[in-house]
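To keep things clear, I will list the structure first and then write my remarks on it.
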Amino acid sequence: MTDAIEDVESFRLRARTWIRANLRPLEPHETLAPTLALPVQTEEEELAALARERELQRMIFDAGLAGIGFPREYGGQGLTTDHQRAFNAEIVGYEYPARLQAPTFSPCGAVLLDFGTEEQKRRHIPAILKGEEIWMQLLSEPSGGSDVAAALTSAVRDGDDWILNGSKVWTTGASTADWGLCLARTNWDVPKHRGLTVFILPIHQPGIEVHRIEMLNGSTEFCQEFLTDVRVPDSDRIGDVDGGWTVGTRWMFHERMLFNSPFVSIPVGTSPGEVGAASIVNVARDTGRFDDRCVRDLLGEAHMLELVGQTLRRRIGRGVAAGRISEQSAAITRLFAGVSSARKATIAFEIAGPAGAAWTADDGAAASCGDDFLMRQTSCIGGGTTEMARNVISERVLGMPRERTPDRDRPFRDVPRSASNRA
Amino acid sequence: MTDAIEDVESFRLRARTWIRANLRPLEPHETLAPTLALPVQTEEEELAALARERELQRMIFDAGLAGIGFPREYGGQGLTTDHQRAFNAEIVGYEYPARLQAPTFSPCGAVLLDFGTEEQKRRHIPAILKGEEIWMQLLSEPSGGSDVAAALTSAVRDGDDWILNGSKVWTTGASTADWGLCLARTNWDVPKHRGLTVFILPIHQPGIEVHRIEMLNGSTEFCQEFLTDVRVPDSDRIGDVDGGWTVGTRWMFHERMLFNSPFVSIPVGTSPGEVGAASIVNVARDTGRFDDRCVRDLLGEAHMLELVGQTLRRRIGRGVAAGRISEQSAAITRLFAGVSSARKATIAFEIAGPAGAAWTADDGAAASCGDDFLMRQTSCIGGGTTEMARNVISERVLGMPRERTPDRDRPFRDVPRSASNRA
Amino acid sequence: MLLELSSDQEIFRDTTARFLTSRVPISEVRSLRNHPAGFEPDYWREGAELGWTSLLVSEEHGGGSVSGGGLVDLTTIAHEFGVHAAPGPLVPTNVVAGTLSTFGGEAHRPVLESLLAGTSVAAWCFGPAVDTDGRGPAGPRCRIADGEVVLDGVQRPVEAAGQAHHILVTARAEGGLTQILVPTDTAGVSIEPMRTADLTRRFAAVTFDGVRLPVEALVGEPGDADELLEYQLQLAVVIGNAEAVGALQTAFDMTLQWAFDRYSFGRPLASYQELKHRFADQKTWLEACHAVNDAAAAAVDDRSPDAKELVSAAKAFIGDYGSELVQDCVQIHGGIGVTFEHDLHLYLRRVTVNRALYGTPADHRQRISTVLENRKERV
Amino acid sequence: MLLELSSDQEIFRDTTARFLTSRVPISEVRSLRNHPAGFEPDYWREGAELGWTSLLVSEEHGGGSVSGGGLVDLTTIAHEFGVHAAPGPLVPTNVVAGTLSTFGGEAHRPVLESLLAGTSVAAWCFGPAVDTDGRGPAGPRCRIADGEVVLDGVQRPVEAAGQAHHILVTARAEGGLTQILVPTDTAGVSIEPMRTADLTRRFAAVTFDGVRLPVEALVGEPGDADELLEYQLQLAVVIGNAEAVGALQTAFDMTLQWAFDRYSFGRPLASYQELKHRFADQKTWLEACHAVNDAAAAAVDDRSPDAKELVSAAKAFIGDYGSELVQDCVQIHGGIGVTFEHDLHLYLRRVTVNRALYGTPADHRQRISTVLENRKERV
């Protein structure tokens with residue numbers, strides 16, 4: 001009883017028409033994707049921006065353009081990555097709900113779609129697509145680093161409920177989110193991957209205390225949460241008890257695939273959190289160094305990295321979509337993006353010269369290069385480190401022998417851990 | 001009954017006076033240190049050059065300047081690394097016996113000095129210092145790669161003799177050497193390090209068959225030897241039976257320390273096998289590109305690497321000599337030299353432009369850049385790979401945990417090996 | 001190469017792959033180092049019958065593409081050339097054939113036909129090209145007068161000049177850059193072979209000393225060859241890149257297999273994390289090399305406005321990262337990887353020589369920055 | 001820092017190390033980010049009593065070195081500044097003190113004395129310096145007439161200009177580069193604070209608008225400051241490098257310890273081969289940073305002919321490799337390494353800011369190539 005799905009080009013035209021008629025064109029210089037390096041927003045500004053985005057999302061929903069890859073029965077459009085890509089091309093240069101895309105639509109919405117019960121999906125996915133629910137991920141922990149499956153946050157069964165205790169870190173949007181997706185340990189007597197369970201829970205409740213983390217550049221985008229006796233009904237469990245790693249694996253896959261996802265709108269050409277090659281051109285202009293052949297060499301390199309990154313993303317995205325290469329190949333895109341972004345930050349800093357050490361507003365585009373350089377490794381850390389990406393590529397894509405993991409076959413409570421996290 | 005040793009400055013003056021009076025100043029362009037990238041010599045040319053060097057060495061011996069770090073009782077001067085360094089400064093720009101230094105004086109001569117019996121030392125060291133004996137190393141094997149202790153060449157006891165069978169590779173000077181230092185397996189029923197023994201043997205004998213290896217650039221400097229029932233008297237054993245790894249460790253230490261050795265004369269500023277920064281300047285001149293800021297950037301980088309390498313070698317050499325840092329720190333020098341040499345070959349190739357692909361004699365210094373680039377990794381492979389150097393630095397210098405070595409505690413005959421070397 | 005070829009493209013590619021496997025196995029390639037031309041005429045003629053020289057030529061001239069994108073199709077052949085370290089002047093012959101089909105006059109038709117038939121090959125002088133810093137001797141100059149073109153100067157290195165019947169030359173004339181198709185047997189043309197880091201390709205320095213030709217030898221409008229030269233450069237770079245990517249793919253596959261087979265300290269090399277991570281980088285660079293050159297090929301076929309920057313990004317990236325990739329393959333092999341006996345150097349050579357031809361990575365980064373400079377708007 | 005200090009040098013270094021540990025522990029350094037000057041006057045005065053500002057000053061003027069090599073001695077102090085991420089204008093104050101002692105006239109003696117006593121600090125304008133490409137606004141210009149110097153122009157960034165009583169300025173005059181010691185309270189001097197990536201150092205843009213001073217304010221011969229400026233640049237670079245190396249040493253030690261303490265997948269990070277090899281690279285670069293800057297310091301002290309190239313090699317190497325080293329420390333720490341709460345960024349800042357000051361690595365590579373160009377002989 002499925003309808004034939006809408007042709008990509010007719011969808012593109014429909015999207016284009018609606019976007020041009022309803023969305024505000026961006027001013028030159030206006031950026032939507034928040035990056036660590038941007039001037040810090042106040043909480044009021046953040047809330048106001050978000051309110052506007054909820055409104056925009058509702059408009060998009062009402063126009064029949066929301067949730068391109070989500071099934072129609074949950075309020076989505078039931079279309080494909082190609083349709084999403086067409087939308088991403090059309091949205092370039094227009095205001096759109098940038099903050100809602102990740103982690104709300106994906107990985108959170110995508111995980112709900114993959115593992116949620118019918119009831120959970122009906123309750124949350126339409127609300128997400130209307131801009132009514134904003135979600136956050138409660139995944140990383142202070143003790144864990146890249147070893148996400150070593151979560152120490154515990155969930156203990158209590159009748160029809162679970163009681164959660166522990167701490168999560170590197171979350172974003174804790175002050176603005178409505179719901180969270182949370183990975184917790186439900187069994188300490190089995191190896192780590194087999195004792196995890198995923199829950200969903202409302203964020204604003206007394207048992208959850210939120211601390212902002214100040215980054216070295218003054219940004220306070222990230223938070224740490226302390227969960228104390230947070231009660232979650234079993235009906236808000238996602239997937240099986242102790243089956244959380246199955247969910248978590250998919251969760252992290254969606255995270256890596258953001259740029260090739262049918263769930264997320266990202267204007268073509270965007271690389272959030274990156275120092276773009278175009279802005280490096282402005283650094284060269286504003287320092288009056290465009291004629292220096294060495295500077296031109298660096299500009300050429302930056303732009304080369306950007307073009308290669310875009311074409312690589314397209315190749316891997318299509319290859320995965322067509323089933324020609326494994327989903328694990330997303331790690332290739334992630335690795336390239338991280339390393340090339342760090343290199344671009346270095347190039348900008350080099351071109352800025354002394355303005356990288358000290359600057360005033362007169363320095364134009366050169367003014368933020370020093371702070372960006374200090375933060376440059378975030379592109380190789382956030383969203384899974386480049387080290388983890390290299391592990392995935394060598395072991396999962398190339399099939400090389402797995403690293404020795406002494407925690408693999410022993411009860412999690414007996415696994416050696418960092419001095420600071422030992423019992 | 002030791003004399004007070006000669007003061008460094010008075011030694012320097014003595015050396016200077018003799019060198020200027022007796023040795024031929026080099027022509028501009030003349031190089032002595034053979035590198036892989038040089039035009040191939042014919043065997044006759046090689047032999048003629050060597051005969052001249054034996055003659056020079058005898059002159060140096062007669063002048064009381066040979067074997068600076070070797071004890072006087074074996075014909076040496078009983079002096080220090082500082083004296084050797086003074087000699088290395090004075091010899092710059094003069095003809096000297098470059099081919100005799102390594103591996104004859106060190107590691108071969110140095111190993112004899114460390115582990116030889118009194119009789120072995122009296123027989124061979126004076127002969128070496130007079131230029132009468134040229135030595136070669138029979139160390140690496142085709143199966144072994146970096147794992148030198150996994151030698152498959154076997155030595156079986158037969159009365160007062162040993163019978164050697166096997167194959168050695170990456171040897172130099174096989175056609176010109178008189179004696180060889182050889183690592184062989186004498187016990188297969190213990191872990192690999194505990195079943196090795198070192199022998200010395202004359203090279204020109206029927207049981208030793210030599211094949212030249214053609215490198216991709218046409219050089220045939222390296223050989224592979226096949227040893228068939230080579231009989232060695234037990235009196236030509238170096239060190240204890242099954243104690244060969246003690247000898248081997250020291251042997252490789254001498255190899256790493258060549259540039260800071262009291263046994264070896266290397267003109268200050270030489271880096272054998274390397275593309276020198278000075279020759280890169282000539283590439284820039286001969287391609288008419290000295291005024292290109294990008295080329296100047298690369299020239300600056302090449303010269304920077306050279307200066308840093310020199311100062312690093314001095315720091316590590318002095319630190320080891322003074323006992324401030326462990327002997328294992330020589331791996332730091334080796335790593336830096338390998339990586340920076342590869343980078344310099346790349347810089348030269350980049351500057352050469354199309355002359356790196358095809359050239360005539362008109363291209364001057366640019367003419368060899370393509371072949372040098374093809375061979376560039378030899379600087380990171382020969383004399384112990386950079387990977388091994390990184391292992392040594394992390395494990396021995398920094399004390400980080402050792403790699404898992406499944407061969408460590410099991411009889412060598414049971415160790416897993418490459419398909420091609422399995423029984 | 002594209003992850004998904006059409007079935008026509010796949011058949012086309014596979015035919016060449018099988019031909020190369022049987023006609024120029026690696027042992028044959030190795031022995032060609034002493035062959036004066038680097039390839040056998042029969043081999044080239046049979047290859048031409050498989051379509052090696054017809055993809056950039058229009059159907060009316062006897063050519064035609066498989067997919068509608070002639071350069072994209074040609075990259076599948078070039079990829080196989082890299083995979084097999086195959087001999088033959090693929091780049092210059094195709095550049096000249098494509099040029100003659102689009103811009104050549106009636107006088108050039110017989111030459112074009114012989115290139116299509118594989119009975120002759122062509123050389124292409126990469127002239128005073130576009131944004132590089134004019135290193136090397138000044139390129140040729142020409143005068144046009146009395147129905148004649150007179151050509152003087154030197155060009156080097158020129159691939160296959162010694163094997164070609166014709167050389168397409170770019171010369172400076174009073175009105176601007178001008179292209180001329182020069183028969184190699186014309187009086188005043190002398191060809192001096194050069195040494196090379198390649199085994200099977202042959203390069204020469206070509207001197208033109210008062211070479212006189214009728215104006216029919218001109219290709220395109222005299223004084224107006226800038227765009228033509230730019231287009232030729234894009235073709236040459238993309239074909240050369242595709243060869244390099246094929247060579248990289250083989251070197252990578254070979255080295256990965258070696259890491260599984262070779263044991264050190266009782267473990268396969270493939271079990272060492274540091275090597276695993278290097279293979280992860282290699283794989284990433286390799287996929288990126290495929291991706292950017294495929295995009296560049298499509299952009300050139302489509303005459304897309306971003307063709308220039310994509311082509312130069314591909315050249316710069318494959319030149320630098322490809323070199324590091326294949327050199328790391330050498331490193332992982334150890335000493336055996338730099339012996340003549342081992343196959344690895346055949347791929348190393350292809351990547352190395354292609355990096356140095358038609359602009360180094362640094363030259364192409366300058367080209368990219370020129371594109372950026374000409375973009376007026378501030379982003 | 002040198003592997004072997006003399007016992008006098010060791011006592012000297014250790015005194016400062018202990019002083020910094022007690023007076024500016026890391027918690028104090030972190031809180032100084034809101035301090036207008038970045039350091040307390042008492043702290044600086046006490047430091048001066050430990051010899052921080054006297055090493056480049058001759059004994060007759062009340063200074064003196066420990067070992068005979070004043071700059072080498074000073075690098076031991078600068079090293080401790082880096083190790084402790086310590087505040088205070090060590091570079092400009094020493095550059096000015098050293099300059100005034102050697103080239104200053106009687107009129108400058110009181111200033112020199114106050115610098116030695118630590119009762120004031122000085123700023124130094126790194127002017128139109130040597131072989132860099134003159135980026136930024138043109139430096140100041142001056143005229144000398146009627147017993148007066150008149151100074152106009154802008155200089156930025158100038159370290160500690162807002163905290164200094166005097167600024168040593170290099171200006172272009174008709175006869176050539178000229179240096180002038182300008183009291184910051186002179187009419188026409190305005191000082192605008194700049195934002196910075198540092199926490200405790202303060203930088204400013206300094207504008208000179210018709211500033212008039214008596215000719216006694218001149219330092220050295222007017223029109224003849226090229227060599228003086230070169231010498232000052234060498235001092236500034238070596239001192240800044242020594243700070244950076246101290247910071248690198250601490251960052252490295254801290255990260256190595258972290259690798260031993262932190263477990264991932266049931267194993268300490270230190271057991272992962274890929275990380276081990278990165279630590280091996282880090283250790284190699286770190287030793288190389290020590291080695292080349294120590295050699296540069298000695299060469300400057302000895303007025304050796306290779307001082308210029310060694311100083312620039314040190315700046316270029318420490319700038320590039322040091323940055324990669326400390327960024328890799330961040331990477332190994334993961335997210336916590338870029339939080340304000342963690343100490344690592346204090347060292348990251350020191351290395352980063354020092355890389356950008358007094359010529360970037362690229363600027364210093366150009367300087368090296370000038371040295372090479374001026375070497376006439378072909379090697």
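Although no hydrogens or angles enter the test, the distance criterion places a donor-acceptor pair under 3.5 Å between the side chain of C/T196 and the main chain of B/A357.
The choice from B/A367, B/A355, B/A358, B/G382 that makes the most heavy-atom pairs within less than 4.5 Å of chain C is B/A358. Contact count against chain B (heavy-atom pairs under 4.5 Å) is highest for C/G334 among C/A204, C/G319, C/G337, C/G334. Per-residue counts of heavy-atom pairs under 4.5 Å with chain B were compared for C/F340, C/F260, C/F265; the largest is that of C/F265.
Taking CD of C/Q327 as the start and CE of B/M375 as the end, the distance is 10.5 Å to the nearest 0.5 Å. Residue B/I381 holds its CD1 atom at 11.0 Å from CD1 of C/I336, rounded to the nearest 0.5 Å. In this structure, C/S271 OG and B/E403 CD are separated by 8.0 Å, a value rounded to the nearest 0.5 Å. Atom CZ of residue C/R267 and atom CG of residue B/D147 lie 11.5 Å apart, to the nearest 0.5 angstrom. For the atom pair OG1 (C/T339) and CG (B/N217), the distance works out to 11.0 Å, reported to the nearest 0.5 Å. The distance from the CD atom of C/E341 to the CG atom of B/L216 is 12.5 Å, given to the nearest 0.5 Å.
The stretch residues 373-414 of chain B participates, sequence neighbours left out, in these ring pair (Phe, Tyr, Trp, His ring centres under 6.0 Å) pairs: B/W188-B/F412, B/F349-B/F373.
Using a 4.5 Å cut-off between heavy atoms, B/W170 contacts chain C through its side chain alone, with no backbone atom that close. Interface remark: C/E159 contributes no atoms to any contact with chain B (heavy atom separation under 4.5 Å). With a 4.5 angstrom heavy-atom cutoff, B/R404 touches chain C via backbone and side-chain atoms both. With a 4.5 angstrom heavy-atom cutoff, C/R278 touches chain B only via side-chain atoms. Residue contact with chain C, scored on non-hydrogen atoms closer than 4.5 Å, involves the backbone and the side chain of B/T386 alike. Only the side chain of C/E274 comes within contact range of chain B, judged by heavy atoms closer than 4.5 Å. Contacts between C/R201 and chain B at a heavy-atom distance below 4.5 Å are absent for every atom of the residue. Contacts between C/R365 and chain B at a heavy-atom distance below 4.5 Å are absent for every atom of the residue. Only the side chain of C/Y272 comes within less than 4.5 Å of a heavy atom in chain B; its backbone stays farther off. Using a 4.5 Å cut-off between heavy atoms, C/P268 does not touch chain B at all. In this structure, chain C has heavy atoms under 4.5 Å from both the backbone and the side chain of B/C380.
When every heavy atom of C/Q366 is checked against every heavy atom of B/C294, the shortest pair comes out as NE2-SG, 3.6 Å. Across C/V338 and B/L374, no two heavy atoms sit closer than the pair CG1-O, 4.3 Å. Of all the heavy atoms in B/R289 and C/D363, the pair that sits closest is NH2-OD1, 4.5 Å. Counting all heavy atoms, side chain and backbone alike, C/A362 lies closest to B/E350 at CB-OE2, 3.1 Å. Here the closest heavy-atom approach between residue B/M215 and residue C/G335 is recorded as CE-O, 4.5 Å.
Counted by atom type alone, B/T360 and C/R156 present one or more donor-acceptor pairs between their side chains at under 3.5 Å.
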*Take B/E214 and C/R33, measure what salt bridge (charged side-chain N to carboxylate O under 4.0 Å, His left out) needs, and give me the verdict at the end.*
CA-CA 14 Å; B/E214 182 178 3; C/R33 73 163 149 167; 3.0 Å; yes

* To do: Could you give me the CA-CA distance, side-chain angles and deciding distance for C/E324 and B/R376, then say whether salt bridge (charged side-chain N to carboxylate O under 4.0 Å, His left out) is met?
  => CA-CA 11 Å; C/E324 294 307 314; B/R376 88 167 199 195; 2.7 Å; yes

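By the 6.0 Å contact criterion, CZ on C/R195 is open, its count of non-hydrogen atoms from other residues, nucleotides or ligands being 12 or less.
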